[in-house]
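Read the numbers this way: they start at 1 and go in the same order the structure lists the ligands and their atoms.
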Amino acid sequence: MRVLTDDYKHRGLRKALVKTIQKKGIKDESVLQAIGAVPRHFFFDPAFLEHAYEDKAFPIGEGQTISQPYTVAFQTELLKVKPNDKVLEIGTGSGYQACVLLEIGAAVFTIEYNRSLYELTKRKLPSMGYTPYFMHGDGSKGWKSQSPYDKILVTAGAPNVPSALTAQLNDGGILVIPVGNDKKQRMLRVTRKGDKLFKEEFNYFSFVPLLGEQGWNK
Ligand code: SAM
């Protein structure tokens, strides 16, 4: 098994990455600290180590991409995560975003549709000291038995806001989700206040599609 080390060189590269995303507009100190804490190089093959702290998405095998740190920071900042928040993440992928949420002190429930990715990440994260609750399945329907959630974060592009997700939000709860077509999606923040939902619109991004019953149904 590969031995994972996090030395001064990695920590230095992380500091530089934090500066980069700060310059791009991320202000929330807890988000910047979390990006500065998660050893992103643990997700990379040693051959590609020099790419681990670039502000770029990167393919890391199994047809999988680790998200761009700025995108992770942007979504996390919009979500206004606080310690002890109960957060549902749709699209576990590499698990990097889940680690960022855990670093902030949230309890994280994460769902992945692709079985081999689910298996891989479920094995990998605890070996790095990160322990979210994992589920394999269609996250467009949420995770009803564990609901309600303070925050829900969707890390794949949806055609619409799934009603199953807004139904699983606490009063005052927040959903962050990219919504659009297969090429670009607008980042939305939906806040529940009683029976009412308030929607705010942010920048455009490009995510892989949210599949499943309340996704692209593929
Ligand atoms: N959050 C991830 C990370 O930190 O690496 C990146 C997620 S990647 C951009 C999107 C993920 O959503 C993919 O792994 C994809 O398999 C997953 N996905 C797509 N539709 C899904 C669904 N209905 N339920 C759960 N996961 C889904």
Side-chain angles (χ1 to χ4, degrees), residues 17 21 31 34-35 37-45 48 51-52 54-79 81 87-104 106 108-125 128 130 132-144 146 149 151-165 168 175-180 182-185 187 204-218:
L17 174 63
I21 61 171
V31 175
I35 297 283
V38 178
R40 195 168 185 258
H41 63 284
F42 286 3
F43 294 88
F44 283 62
D45 186 284
F48 300 116
H51 298 293
E54 290 172 355
D55 187 26
K56 285 184 186 153
F58 199 80
I60 51 173
E62 295 286 332
Q64 179 201 3
T65 304
I66 186 168
S67 302
Q68 181 182 354
Y70 171 73
T71 306
V72 170
F74 188 83
Q75 285 199 290
T76 312
E77 187 168 75
L78 282 187
L79 208 56
V81 185
V87 181
L88 175 66
E89 181 200 17
I90 317 299
T92 312
S94 70
Y96 178 68
Q97 170 76 72
C99 295
V100 168
L101 295 167
L102 287 163
E103 282 287 349
I104 299 177
V108 180
F109 295 75
T110 183
I111 311 178
E112 175 55 53
Y113 209 26
N114 176 301
R115 182 170 275 283
S116 51
L117 263 182
Y118 157 78
E119 301 282 357
L120 200 77
T121 304
K122 192 179 174 202
R123 266 200 316 273
K124 185 175 180 109
L125 258 52
M128 295 168 53
Y130 292 106
Y133 299 93
F134 292 96
M135 179 170 119
H136 170 244
D138 176 7
S140 75
K141 296 187 289 185
W143 188 341
K144 202 172 171 195
Q146 298 290 345
Y149 302 95
K151 311 282 160 66
I152 301 180
L153 177 57
V154 181
T155 66
N160 297 297
V161 177
S163 55
L165 297 185
Q168 290 176 31
L175 164 69
V176 170
I177 180 168
V179 172
D182 57 342
K183 302 229 162 29
K184 65 174 188 174
Q185 306 90 30
M187 197 64 75
Y204 285 94
F205 288 82
S206 184
F207 282 82
V208 298
L210 178 75
L211 306 178
E213 214 171 282
Q214 296 207 18
W216 288 98
N217 208 11
K218 286 173 202 156

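A donor-acceptor contact closer than 3.5 angstrom is absent between the side chains of Q97 and T71. Using a 3.5 Å distance cut-off with no hydrogens or angles, the side chains of S140 and Q214 do not pair a donor with an acceptor.
Contact between M187 and F74 at its shortest, heavy atoms only, is CG-CE2, 4.1 Å.
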(message) Between V208 and T65, does the side-chain contact (heavy atoms from CB on, under 4.5 Å) criterion hold? Intermediate values first, please.
(response) CA-CA 9 Å; V208 298; T65 304; 5.8 Å; no
Please tabulate protein-ligand N/O pairs under 3.5 Å for ligand 1, atom names and distances to 0.1 Å.
unit_1	atom_1	unit_2	atom_2	d
ligand 1	1 (N)	E89	OE2	2.9
ligand 1	1 (N)	G91	O	2.9
ligand 1	1 (N)	T155	OG1	3.2
ligand 1	4 (O)	Q97	N	2.9
ligand 1	5 (O)	S94	N	3.2
ligand 1	5 (O)	S94	OG	2.6
ligand 1	14 (O)	E112	OE1	2.8
ligand 1	14 (O)	E112	OE2	3.4
ligand 1	16 (O)	E112	OE2	2.5
ligand 1	20 (N)	L211	N	2.9
ligand 1	23 (N)	D138	OD1	3.0
ligand 1	23 (N)	L211	O	2.7
ligand 1	24 (N)	G139	N	2.8
ligand 1	26 (N)	Y113	N	3.3

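Under the 30°/60° scheme for interplanar angles, the aromatic rings of W143 and F109 are found to stand perpendicular.
Of the possible donor and acceptor atoms, one in the side chain of S206 sits under 3.5 Å from a partner among the backbone N and O of K183.
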